[in-house]
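This report concerns only the one structure given below.
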Amino acid sequence: MKRWSLLACTLLLIGLGSPEPALAADAVLVGAGDIAACGSGSARTAKLLDDIPGTVFTLGDNVYPDGSARNFDRCYDPTWGRHRDRTRPTVGNHDYRTDGAGPYFAYFGKSAGEPDLGYYSYDLGRWHVVVINSNCDQVDCDKQLRWLDADLTASKATCTVSMWHHPLFTSGLDHRPAKWMSPFFQTLYAHGVELNLSGHNHNYERFQPLDGDGHSDLDRGVLPIVVGTGGASHYGFDRVRPHSVVRNDDTYGVLKLSLRADSYAYQFVPVAGKSFTDSGSGTCH
């Protein structure tokens, strides 16, 4: 017995008696905005979600032409609704076209935040996720901005991803940059946030990392990506805005984020039959 105890201790000391600690798996966020008009591309993008584990995000305008309960039941539920239990949504202007977005909040429940606010945050793995309501005609955005600053101040996470519906940075033809979101982006930059996702324009566009005033900052900038590719009909591009790097206006798909302890990777995953993709990585500030 003593001889066995001595052998066991020796094995432990040289590292043979216990397994190596497992590396923490990446947390995954996957999704898009501008999703479900019945008969649109949402059925095809939903099939992508079927094969990608993790937390699903939406970037607003979850249903078309308005956010009625009927449209959620007919158009969203049979497609992206398959993943409702793992979805953290963002509210868009089309969602507000029906009863102050009441059906949107009823459909997603507590996952959508307080119905009179539509903004919230949560932690995913070692990351902090902030969901902003960019419909400032529907909520008190001065109050929301104060909330954002306090939330980011209180967060203990090293890495943060933010999202809202209306893009501040976009070359889209149909919707111009949402200038009213500038104070929010400046707050993101001041707190060292890594990523900002948006929709509204039905296309895909990635910019360089930007500072609070929209200038290139490859070291500390926030990376803006427009992912309005969830299934609604595509929009084209207008004049290409400064620091725009990648653009596509004919491919439905989802953005997959692999969130690691101190870094991230992004990948645009196209629907079957399309070849456009975009990918990259970054480290946390």
Side-chain angles (χ1 to χ4, degrees), residues 27-38 40 42-43 45-50 52-125 127-141 143-144 147-148 150-151 154-155 157 160-166 197-200 227-228 230-232 254-257 259:
V28 173
L29 265 177
V30 59
D34 309 282
I35 300 167
C38 284
S40 70
S42 58
T45 53
K47 288 181 180 179
L48 298 175
L49 299 179
D50 294 342
I52 302 175
T55 298
V56 174
F57 66 85
T58 76
L59 296 173
D61 285 3
N62 298 274
V63 291
Y64 289 88
D66 55 52
S68 68
R70 183 171 183 266
N71 286 332
F72 271 102
D73 290 341
R74 293 187 314 121
C75 306
Y76 189 95
D77 201 60
T79 57
W80 282 50
R82 296 198 295 271
H83 305 280
R84 176 166 54 168
D85 290 346
R86 62 183 180 116
T87 297
R88 302 306 303 265
T90 302
V91 65
N93 55 292
H94 279 266
D95 302 308
Y96 270 110
R97 288 186 178 182
T98 302
D99 302 328
Y104 160 87
F105 288 108
Y107 183 82
F108 288 110
K110 293 181 179 179
S111 295
E114 295 294 328
D116 58 337
L117 299 178
Y119 53 87
Y120 60 95
S121 67
Y122 62 98
D123 291 328
L124 182 64
W127 280 64
H128 191 56
V129 184
V130 180
V131 180
I132 296 297
N133 187 345
S134 60
N135 297 275
C136 290
D137 56 339
Q138 302 289 337
V139 294
D140 184 342
C141 271
K143 177 181 177 181
Q144 182 179 200
W147 170 86
L148 175 62
D151 180 85
S155 173
T160 303
V161 54
S162 62
M163 58 189 73
W164 58 62
H165 181 59
H166 301 83
L197 312 181
S198 60
H200 200 42
V227 197
V254 296
L255 184 69
K256 177 185 176 183
L257 299 177
L259 307 177

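What you see is a predicted model; the values in this text were computed from it and never measured.
- Across every non-hydrogen atom of R74 and N71, the tightest pair is NH2-OD1, 3.3 Å.
- At least one side-chain heavy atom of W80 sits under 4.5 Å from a side-chain heavy atom of V56.
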Item to check | Steps toward side chain to side chain contact (heavy atoms under 4.5 Å, CB included) verdict (L117, F105) | outcome: CA-CA 10 Å; L117 299 178; F105 288 108; over 6 Å; no

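- C75 has its side chain out of reach of I35: every pair of non-hydrogen atoms, C-beta onward, lies at least 4.5 Å apart.
- Side chains of H165 and N135: a donor-acceptor N/O pair is absent below 3.5 angstrom, by distance only.
- The minimum heavy-atom distance between V91 and A101, with the atom names listed, is CG2-CB, 4.1 Å.
- Smallest separation of non-hydrogen atoms from T55 and Y122: CG2-OH, 4.0 Å.
- Residues D61 and H200 form a side-chain contact, since some pair of their non-hydrogen atoms from C-beta on lies under 4.5 Å apart.
- Contact check for Y119 versus V130: no side-chain heavy atoms found under the 4.5 Å cut-off.
- Looking at Y96 and V139, their side chains come closer than 4.5 Å, going by heavy atoms from C-beta outward.
- Judged by distance alone, the side chain of T87 and the main-chain N or O of P89 form no donor-acceptor pair under 3.5 Å.
- Between L124 and L259 the shortest heavy-atom distance is CD2-CD1, 4.2 Å.
- For the atom pair L59 CG and S134 OG, the distance stands at 10.0 Å (nearest 0.5 Å).
- With rounding to the nearest 0.5 angstrom, the CG atom of D34 is 9.0 Å from the OG atom of S198.
- Neither side chain, H94 nor D66, offers a donor N or O lying under 3.5 Å from an acceptor on the other.
- Rounding to the nearest 0.5 angstrom, the gap separating the CZ atom in R88 from the OG1 atom in T58 is 11.0 Å.
- More than 12 heavy-atom neighbours from other residues, nucleotides or ligands sit within 6.0 angstrom of CG on D116.
- One finds the CG atom of L49 at 5.0 Å from the NE2 atom of H83 (value rounded to the nearest 0.5 Å).
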Checklist entry - Checking side chain to side chain contact (heavy atoms under 4.5 Å, CB included) for the pair T90/F57: CA distance, chi angles, key distance, verdict? => result CA-CA 7 Å; T90 302; F57 66 85; 5.9 Å; no

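- Side-chain contact between N93 and H166 is present, with at least one heavy-atom pair separated by less than 4.5 Å.
- Of all heavy-atom pairs between V161 and L257, the closest is CG2-CD1, 4.2 Å.
- Defined by atom type and a distance below 3.5 Å, a donor-acceptor pair is missing between the side-chain atoms of D73 and Y107.
- In this structure, CG on N133 lies 6.5 Å from SG on C141, to the nearest 0.5 angstrom.
- A distance of 9.5 Å separates SG of C136 from CH2 of W164, quoted to the nearest 0.5 Å.
- The neighbour count for R70 CZ, taken as heavy atoms of other residues, nucleotides or ligands under 6.0 Å away, does not exceed 12.
- Ring planes of F72 and F108: perpendicular class, angle over 60° (limits at 30 and 60°).
- Between V63 and D95 the shortest heavy-atom distance is N-OD1, 3.8 Å.
- S42 places no side-chain N or O within donor-acceptor distance of the main-chain N or O of G231, the cut-off being under 3.5 Å.
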